[in-house]
Amino acid sequence: MTTCVRPCACRPVLGQDIQPRYSTLPMSDQITDRRAKLKKIIDLDVDPFGERYPGVTANADIRTAAETLKIEAGQILEGDKAVFKAAGRIVLHRDIGSLIFMTVRDWTGDLQFGLSKKMVKEHWKVAKLLDLGDIVGVEGRLGRTKTGELTLWATDFRLLSKALRPPPEKWHGLADIEIRYRKRHVDLYSNPASLRVFVQRARIIDYTRDVLRRRGFIEVETPVLQPIYGGAAARPFLTHHNTLDRDLYLRISPELYLKRCLVGGLERVYEMARCFRNEGISPRHNPEFTMLELYQAYGDYHDMMEITEEIIGGAARDVIGATKIKIGEHEIDYTLPWPRRKYADLFAEYVGFPWDDVAQVRARARELKIEEPKLDDAVVVNALFEHYVEPHLINPTFVLDYPAPLCPLTKRDPNDPDVALRFEIFINRMELGNAYSELNDPDQQRETLSRQLRGEEEETMAVMDEDFVAALECGMPPAGGLGIGIDRLVMLLTRSPSIRDVLLFPLQRAEQRNGKDEPREGEAPAEPGGRSSR
RNA sequence: GAGGGCGUAGCUCAGUCGGCAGAGCAACGGCCUUUUAAGCCGUGGGUCCAGGGUUCGAGUCCCUGCGCCCUCACCA
């Protein structure tokens with residue numbers, strides 16, 4: 001049992017010990033100062049960590065209300081309509097003797113609170129002990145200062161939480177990218193733009209669910225722990241269940257389970273699926289990420305194109321409120337409908353010859369120093385496609401009808417067995433979604449899962465899942481299926497250059513604690529204070 | 001995994017040719033009833049990411065390690 005890390009029943013301890021005995025962290029001078037203030041506050045018989053504070057109006061709503069109230073500069077309004085209760089974190093603080101102005105931020109925006117010695121009376125002593133970063137609540141009257149700034153003049157004020165650590169620099173916020181990812185809580189409260197990204201992320205996901213609900217889909221949850229991984233070509237994470245004494249994989253895709261749902265008669269299903277791939281990390285790749293997958297019985301990949309447009313184009317229009325959104329150097333035009341281009345046509349257009357001209361494909365690959373002899377034809381073709389075509393796919397573009405060997409889970413074109421009825425949606429050169437007319441022929445499925453492409457590493461190769469094929473043998477309706485990378489979608493719509501900017505807590509390497517960071521739990525605390533040294 | 005860049009006060013950043021470790025914000029003490037990144041006077045604060053080397057002398061040059069970012073590869 002570790003010592004108590006929260007002031008709860010042991011709160012009086014805080015009043016006695018300025019150096020709290022539970023902390024293993026080095027105490028900077030600023031933290032020492034704040035703890036000294038904490039003690040003073042407790043000595044004033046005030047709870048520095050507040051309590052329920054009901055009836056708060058959001059800062060943005062107070063601003064809206066103020067527009068209809070017509071407040072003159074220098075005026076403090078009389079009457080019930082001017083009384084508001086608000087709360088938030090102090091982000092700017094101006095102490096002018098017996099008057100304090102503070103800019104207080106909640107998740108809707110900022111509002112100036114005004115505290116005067118005369119108005120807050122017995123609370124004044126606590127008010128003088130406030131620091132940047134503290135969370136406060138105020139009940140008061142709306143007014144404007146003589147410079148016209150909307151101000152909530154406190155008649156009552158409460159300290160709702162003392163901040164024992166100082167916030168980052170008030171103007172620049174937290175800029176160090178590494179610390180923004182490692183200490184996201186600090187990033188969120190000091191960088192409003194970061195907070196907004198995650199609010200918008202939630203709205204985009206809500207919007208997606210609304211679209212699917214309107215279309216009659218139900219949300220299901222399928223296993224993350226899977227005895228056999230499948231549904232994509234990727235290296236999995238391996239874990240182990242002790243009681244069953246059995247190795248399990250973290251899913252790389254929910255596909256094979258969602259298709260079992262189709263077999264069972266759940267005709268329209270989707271999942272916001274956290275997936276895990278044991279691959280490299282990049283601005284577009286995180287080991288865990290969120291993929292929307294959905295399956296619609298009796299549909300095909302054309303239905304999936306409609307849904308893709310409705311989700312992505314709709315979210316741009318209705319959540320972001322724009323049909324054109326700039327990211328990096330490009331302005332993406334989300335105006336619907338989006339062009340449908342055949343893979344074969346794009347290949348011929350940008351590479352210069354047909355994709356099924358094996359001799360030319362091999363020759364070009366050799367020029368690019370692709371190690372083509374080891375690879376299957378289709379893999380080489382796709383390498384050329386990625387090299388020559390994908391850089392041109394800036395505005396949303398559906399790429400249709402892929403070489404069949406690349407698509408083991410996709411129905412073949414009845415008129416051309418070399419082609420699979422699959423599309424990928426590209427935006428800003430990035431693959432955002434992937435959809436099939438789903439293969440529902442169990443014999444063909446068994447065959448495509450058995451066949452391995454040269455050029456794939458052993459771990460990423462499709463794995464035969466007999467249980468899944470047996471499910472297909474029970475009869476799966478013809479269906480359209482779609483996967484959309486939610487993180488990538490959020491990146492595009494929020495203009496975020498890295499997937500880490502849209503994940504609250506992206507995976508980071510373990511810290512070795514050289515330098516700027518703090519010792520971990522259980523390690524010896526550094527010498528407190530530091531003032532005496534040197 | 002390969003290549004390139006970065007790491008200095010709590011935060012944002014300077015630091016010239018190798019010659020006393022700097023600024024702003026934040027903090028601390030003082031003044032101030034209308035501030036807007038408040039202002040003014042004063043004060044404290046550094047493992048220059050870590051370890052080694054070169055040198056009379058290293059934040060600076062060299063080597064090794066760690067972390068982050070970018071590009072590439074794998075992948076979505």
Side-chain angles (χ1 to χ4, degrees), chain A residues 26-34 36-37 73-76 91-103 110 112-119 131-133 143-151 153 165-182 186 190 231-235 252-253 275 277-291 383 386 424-426 430-434 455-457 459-460 483-489 491 497-500 506 508-518 526-527 529-534:
Chain A
M27 300 275 279
S28 77
D29 290 352
Q30 295 204 36
I31 293 175
T32 309
D33 290 340
R34 282 171 183 249
K37 286 185 186 173
Q75 185 187 11
I76 300 177
V91 294
L92 296 170
H93 181 262
R94 299 172 285 278
D95 182 340
I96 314 177
S98 40
L99 201 58
I100 298 172
F101 292 101
M102 54 182 84
T103 304
D110 294 353
Q112 175 163 279
F113 291 1
L115 270 53
S116 79
K117 190 174 182 179
K118 271 187 196 163
M119 286 175 79
D131 286 313
L132 290 176
R144 285 189 189 279
T145 61
K146 69 183 184 189
T147 52
E149 180 74 19
L150 185 66
T151 302
W153 286 101
R165 291 168 182 270
E169 209 254 7
K170 64 189 182 188
W171 188 242
H172 298 92
L174 187 59
D176 185 307
I177 293 175
E178 177 182 352
I179 303 177
R180 285 186 51 212
Y181 297 151
R182 288 193 192 274
V186 179
S190 63
R235 199 170 286 123
I252 58 173
S253 150
C275 296
R277 298 190 184 176
N278 208 339
E279 307 276 359
I281 296 175
S282 86
R284 287 168 297 284
H285 302 267
N286 193 68
E288 57 181 297
F289 65 103
T290 302
M291 187 162 57
E386 286 171 8
E424 293 195 339
I425 174 71
F426 282 87
M430 191 161 64
E431 185 196 334
L432 222 79
N434 185 14
E456 284 187 33
E457 290 182 46
E459 273 181 301
T460 69
I484 292 178
I486 292 295
D487 313 289
R488 289 182 170 185
L489 175 59
M491 282 170 68
S498 169
I499 196 168
R500 293 187 188 102
Q508 298 285 100
R509 221 170 285 244
E511 284 178 286
Q512 297 296 311
R513 110 183 160 70
N514 317 337
K516 48 185 131 187
D517 238 283
E518 293 160 341
E527 186 185 13
R531 225 170 225 162
S532 56
S533 56
R534 98 161 267 169

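Computed from a predicted structure; not experimentally measured. Naming: A, B, ... by sequence-line order, numbering from 1 per chain.
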#### Entry: Exceeds 12 heavy-atom contacts within 6.0 angstrom, atom NZ of A:K37
yes
### Partner residues of A:T151 under the side-chain hydrogen bond (donor to acceptor under 3.5 Å, both in side chains) criterion, sequence neighbours left out
A:Q112
### Query
When you measure from the side chain of A:D29, which nucleotide among B:C11, B:G45, B:C74 comes out closest?
B:G45
### Message
If only side-chain N and O atoms count, and only distance matters, is there a donor-acceptor pair under 3.5 Å linking A:S253 with A:R277?
### Response
no
### Query
In the strands shown, is B:A2 matched to any nucleotide by a Watson-Crick or G-U wobble pair with both distances under 3.5 Å, and which?
B:U71
#### Entry: Nearest-nucleotide pick for A:E178, side chain only, options being B:A76, B:G67, B:G10
B:G67
### Message
Under 4.0 Å, counting only non-hydrogen atoms across every strand here, what does A:P167 touch: a base, just sugar-phosphate, or nothing?
### Response
nothing
### Query
Within the structure shown, what part of the strands sits under 4.0 Å from A:K118 by heavy-atom distance: base, sugar-phosphate, or nothing?
base
### Query
Whom does B:C32 pair with, Watson-Crick or G-U wobble, provided both distances fall under 3.5 Å?
none
### Task
Have a look at A:D95 and say if it touches a base, only the backbone sugar-phosphate, or nothing, with a 4.0 Å heavy-atom cut-off.
base
### Message
Considering every strand and a 4.0 Å limit on heavy-atom distances, what is the contact class for A:L132: base, sugar-phosphate, or nothing?
### Response
sugar-phosphate
### Task
Determine whether any donor atom in the side chain of A:E431 lies under 3.5 Å from an acceptor atom in the base of B:A76, or the reverse, and answer yes or no.
no
### Summary
Pairing partner of B:U60, by Watson-Crick or G-U wobble and under 3.5 Å for both distances, is none
### Query
Which whole number of Å gives the distance between the C1' atom of B:G7 and that of B:U12?
15 Å
### Side-chain N,O (A:R277) to OP1/OP2 (B:A76) below 4.0 Å
yes
### Message
I want to check one thing: is the phosphate of B:C69, taken as OP1 and OP2, less than 4.0 Å away from some side-chain N or O of A:R500?
### Response
yes
#### Entry: For B:G22, the Watson-Crick or wobble partner whose two distances fall under 3.5 Å
B:C13
Would you tabulate the nitrogen or oxygen pairs shorter than 3.5 Å linking the protein to nucleotides 35-37 of chain B?
{"residue": "B:U35", "atom": "O2", "partner": "A:R94", "partner atom": "NE", "Å": "2.3"}
{"residue": "B:U35", "atom": "O2", "partner": "A:R94", "partner atom": "NH2", "Å": "3.2"}
{"residue": "B:U35", "atom": "O2", "partner": "A:Q112", "partner atom": "OE1", "Å": "3.4"}
{"residue": "B:U35", "atom": "N3", "partner": "A:Q112", "partner atom": "OE1", "Å": "2.9"}
{"residue": "B:U35", "atom": "N3", "partner": "A:Q112", "partner atom": "NE2", "Å": "2.9"}
{"residue": "B:U35", "atom": "O4", "partner": "A:Q112", "partner atom": "NE2", "Å": "2.5"}
{"residue": "B:U35", "atom": "O4", "partner": "A:T145", "partner atom": "OG1", "Å": "2.7"}
{"residue": "B:U36", "atom": "O4", "partner": "A:T145", "partner atom": "OG1", "Å": "2.9"}
{"residue": "B:U36", "atom": "O4", "partner": "A:T147", "partner atom": "OG1", "Å": "2.0"}
{"residue": "B:A37", "atom": "O3'", "partner": "A:K170", "partner atom": "NZ", "Å": "3.3"}

### Message
Rounded to whole Å, please give me the gap between CD1 in A:I499 and P in B:C69.
### Response
13 Å
### Task
In whole angstrom, give me the gap between the P atoms of B:C69 and B:G24.
32 Å
### Query
With a 4.0 Å cut-off on heavy atoms, is A:R180 in touch with a base, just the backbone sugar-phosphate, or nothing at all?
nothing
### Message
Base, sugar-phosphate or nothing for A:G485? Non-hydrogen atoms, less than 4.0 Å.
### Response
nothing
### Task
Find the partner of B:G44: check Watson-Crick (N1-N3 plus N6-O4 or O6-N4) and G-U wobble (N1-O2, O6-N3) distances, both under 3.5 Å, and reply none if neither fits.
none
### Task
Would you classify A:G173 as touching base, sugar-phosphate or nothing, given that sugar-phosphate means primed atoms plus P, OP1 and OP2, and contacts are heavy atoms under 4.0 Å?
sugar-phosphate
### Query
Using a cut-off of 4.0 Å on non-hydrogen atoms, how would the nucleic acid contact of A:R34 be classed: base, sugar-phosphate, or nothing?
nothing
### Query
Heavy atoms under 4.0 Å, any strand shown: does A:D110 hit a base, just sugar-phosphate, or nothing?
nothing
### Side-chain N or O of A:R509 closer than 4.0 Å to phosphate OP1/OP2 of B:C68
yes
### Message
Is any side-chain heavy atom of A:V91 closer than 4.5 Å to one of A:S190?
### Response
no
### Task
Using the C1' atom on both, measure B:G10 against B:A27 and round to a whole Å.
9 Å
### Query
With sugar-phosphate meaning primed atoms plus P, OP1 and OP2, does A:S98 contact a base, only sugar-phosphate, or nothing at under 4.0 Å between heavy atoms?
base
